[in-house]
Trainee: 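Here you go, one structure.
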Amino acid sequence: MTTIPDHQPTTLYSPSKMDLVQIQDVKVVFDGFKALDIGYFGVDRNELRVVIGPNGAGKTTLCDVISGKTKVTSGTVVFDDVDITHLRDTDIAALGVGRKFQTPTVFDSLTVYENMELALPRRWKVRQNMFGRERAEQRDAIMTILQRVHLEDAVRTESRHLSHGQRQWLEISMLMVAKPKLLLVDEPAAGLTDKETALTAELLNELKGNHTIIVIEHDMEFVRVLNSRVTVFCEGKVLADGTLEQVQTDPEVMKAYLGRGKERGK
């Protein structure tokens with residue numbers, strides 16, 4: 001595990017050709033406030049990486065940059081060997097970047113099954129949405145995923161009637177059926193019961209090894225169950241990297257969580 005003292009550059013490790021996501025020398029500045037200042041951050045193919053840090057650390061801004069919602073002030077963002085620094089968010093999504101926000105974003109007036117239909121690969125095209133019919137294997141894929149998250153009995157239920165946990169699972173399921181190369185998952189355990197949290201952790205662990213996943217999370221017990229590499233952000237910089245046990249005992253990380261991080265929102 002490596003920690004970066006304040007006087008050293010933010011690079012924790014060298015770029016790797018194996019990294020599906022590569023963020024190099026990236027700075028994001030909002031009205032003079034430096035939200036991100038990253039020397040290098042990379043995530044390997046089929047890796048599940050957890051990003052933690054105090055409020056204002058830049059965690060959500062990191063996802064915004066990767067998904068194209070926020071453009072960098074300087075630096076380079078590469079996804080699957082394609083420079084996406086200046087691409088539109090819709091073009092980045094088409095390359096295979098899927099995102100689940102902290103608050104579930106599903107269509108309330110549509111049923112669970114209809115939400116899943118819309119998430120099918122290439123279903124975003126208007127003509128296909130109006131006239132397309134999913135193949136039998138696509139129906140099977142939808143039902144297999146819904147069964148895994150215990151939503152098979154709610155396929156005809158409008159999503160407005162789902163619990164918060166069920167809405168979280170539906171959005172993750174929509175990401176899964178879309179088959180993105182990268183899943184950006186922002187605080188999946190927020191607002192869940194213990195049982196729902198355990199199921200969500202199981203689901204993400206099952207995806208690990210077959211999907212590249214970046215999870216933003218505050219719940220340390222949830223992070224522990226994921227049992228994956230952890231990167232700590234603080235004040236827009238990469239502070240530490242390693243196992244959860246390593247970063248939790250790091251003095252600089254402990255200081256950041258005890259109040260050194262600026263409380264300026266994510």
Side-chain angles (χ1 to χ4, degrees), residues 1-2 12-23 38 40-53 57-67 77-81 84 92-93 95-102 104 119 144-145 148-149 165 168-190 192 194 196-233 238-248 250 253 266:
M1 188 271 294
T2 308
L12 267 179
Y13 34 74
S14 300
S16 168
K17 292 183 179 179
M18 291 295 295
D19 287 341
L20 180 72
V21 179
Q22 302 176 52
I23 296 178
I38 301 174
Y40 184 80
F41 173 82
V43 179
D44 200 355
R45 297 173 190 273
N46 295 332
E47 175 188 359
L48 191 159
R49 177 73 62 84
V50 181
V51 178
I52 65 173
K59 305 181 298 296
T60 296
T61 304
L62 172 72
C63 291
D64 289 344
V65 164
I66 296 172
S67 64
V77 183
V78 174
F79 171 71
D80 199 17
D81 299 324
I84 63 172
I92 293 173
L95 288 173
V97 176
R99 184 170 182 180
K100 196 207 87 61
F101 292 88
Q102 180 178 351
T144 296
I145 294 171
R148 178 62 191 87
V149 296
Q168 293 275 43
W169 297 336
L170 175 57
E171 189 170 18
I172 293 175
S173 299
M174 291 169 67
L175 278 181
M176 292 168 60
V177 79
K179 298 182 179 179
K181 297 176 183 177
L182 171 67
L183 284 72
L184 302 173
V185 185
D186 198 348
E187 297 192 31
L192 301 187
D194 290 344
E196 290 171 339
T197 299
L199 178 58
T200 303
E202 288 177 12
L203 179 60
L204 290 173
N205 274 326
E206 287 181 7
L207 296 175
K208 183 167 56 177
N210 295 311
H211 299 267
T212 305
I213 310 170
I214 297 176
V215 176
I216 308 296
E217 190 50 70
H218 284 290
D219 186 329
M220 290 300 102
E221 185 56 38
F222 185 79
V223 173
R224 189 180 306 281
V225 175
L226 293 180
N227 191 31
S228 298
R229 181 174 171 179
V230 176
T231 300
V232 184
F233 273 57
V238 178
L239 180 64
D241 185 83
T243 66
L244 178 60
E245 289 71 20
Q246 287 172 326
V247 300
Q248 280 187 315
D250 183 270
V253 174
K266 293 190 299 177

Trainee: Please give me the minimum heavy-atom distance between Ser67 and Arg99, naming the atom from each residue.
Mentor: OG-NH1, 3.2 Å
Trainee: Could you walk me through whether Phe233 and Leu239 satisfy the side chain to side chain contact (heavy atoms under 4.5 Å, CB included) test, starting with their C-alpha distance in whole Å, then the side-chain angles of each, then the deciding distance to 0.1 Å, before giving a yes or no?
Mentor: CA-CA 5 Å; Phe233 273 57; Leu239 180 64; over 6 Å; no
Trainee: For the atom pair CG (Asp241) and OG1 (Thr231), what is the distance rounded to the nearest 0.5 Å?
Mentor: 4.0 Å
Trainee: Is the closest side-chain heavy-atom distance between Arg224 and Thr243 below 4.5 Å?
Mentor: no
Trainee: Mind checking whether Val97 and Phe79 have side chains closer than 4.5 Å, heavy atoms only?
Mentor: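 They are in contact (side-chain heavy atoms under 4.5 Å apart), so the answer is yes.
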Trainee: Could you check if a side-chain atom of Leu182 sits within less than 4.5 angstrom of a side-chain atom of Ile66, using non-hydrogen atoms only?
Mentor: yes
Trainee: Does the side chain of Gln168 reach to within under 4.5 Å of the side chain of Leu192, using non-hydrogen atoms?
Mentor: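 Contact flag for Gln168/Leu192 side chains = yes.
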Trainee: Would you call Asp81 and Arg45 a salt bridge, using N to O less than 4.0 angstrom?
Mentor: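 A salt bridge links Asp81 with Arg45.
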Trainee: Are the side chain of Asp44 and the backbone of Glu47 linked by a donor-acceptor contact shorter than 3.5 Å?
Mentor: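 A pair under 3.5 Å: no.
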Trainee: If I compare all heavy atoms of Lys208 with all of Asn227, which pair ends up nearest, and what's the gap?
Mentor: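 Shortest heavy-atom separation between Lys208 and Asn227 comes out as NZ-O, 3.5 Å.
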Trainee: Please report the interatomic distance CG(Asp80) to CD1(Ile92), rounded to the nearest 0.5 Å.
Mentor: 13.0 Å
Trainee: Say you draw a straight line from CG of Asp219 to CD1 of Ile52; how long is it, rounded to the nearest 0.5 Å?
Mentor: 11.5 Å
Trainee: If I take atom CG from residue Leu20 and atom CD1 from residue Ile213, how far apart are they, to the nearest 0.5 angstrom?
Mentor: 12.0 Å
Trainee: Exactly one of Val177, Leu175, Ile172 should register a side chain to side chain contact (heavy atoms under 4.5 Å, CB included) with Ile145. Which one does?
Mentor: Val177
Trainee: Closest heavy-atom contact between Pro188 and Glu217?
Mentor: CD-OE1, 3.1 Å
Trainee: Indicate the atoms forming the closest heavy-atom contact of Val149 with Trp169, along with that distance.
Mentor: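 Closest approach of Val149 to Trp169: O-CE3, 3.3 Å.
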Trainee: Do Ile38 and Val65 have side chains that get closer than 4.5 Å, going by heavy atoms?
Mentor: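 The answer is no, as the side chains (C-beta and beyond) never meet within the 4.5 Å cut-off.
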Trainee: For a 4.5 angstrom cut-off between non-hydrogen side-chain atoms, does Glu221 reach Thr197?
Mentor: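 No, every pair of side-chain atoms sits at 4.5 Å or beyond.
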Trainee: Do Leu226 and Asn205 come within less than 4.5 Å of each other through their side chains, counting heavy atoms only?
Mentor: yes
Trainee: State, to 0.1 Å, how close Pro180 and Gly96 come at their nearest heavy-atom pair, and which atoms those are.
Mentor: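 The answer is CB-O, 3.4 Å.
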Trainee: Taking the side chain as everything from C-beta on, heavy atoms only, tell me whether Arg229 gets closer than 4.5 Å to Gln246.
Mentor: no
Trainee: Test side chain to side chain contact (heavy atoms under 4.5 Å, CB included) on Met174 and Leu170; report intermediate values, then the result.
Mentor: CA-CA 6 Å; Met174 291 169 67; Leu170 175 57; 4.1 Å; yes
Trainee: With rounding to the nearest 0.5 Å, note down the distance linking CG in Leu62 to CG in Leu184.
Mentor: 8.0 Å
Trainee: Determine whether a donor-acceptor pair (N or O, by modelled atom type, separation under 3.5 Å) exists between the side chain of Arg49 and the backbone of Gly42.
Mentor: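 Yes; judged by distance alone, with no hydrogens or angles, the pair exists.
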Trainee: Give the C-alpha distance, both sets of side-chain angles, the deciding distance and a yes or no for side chain to side chain contact (heavy atoms under 4.5 Å, CB included) between Lys59 and Asp186.
Mentor: CA-CA 9 Å; Lys59 305 181 298 296; Asp186 198 348; over 6 Å; no
Trainee: Of the non-hydrogen atoms in Leu207 and Met176, which two are nearest, and what is the gap between them?
Mentor: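 Reported closest heavy-atom pair: CD2-CE, 3.8 Å.
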Trainee: Would the distance check show the side chain of Asp19 and the main-chain N or O of Gln22 forming a donor-acceptor pair, the cut-off being under 3.5 Å?
Mentor: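 Such a contact is absent between Asp19 side chain and Gln22 backbone.
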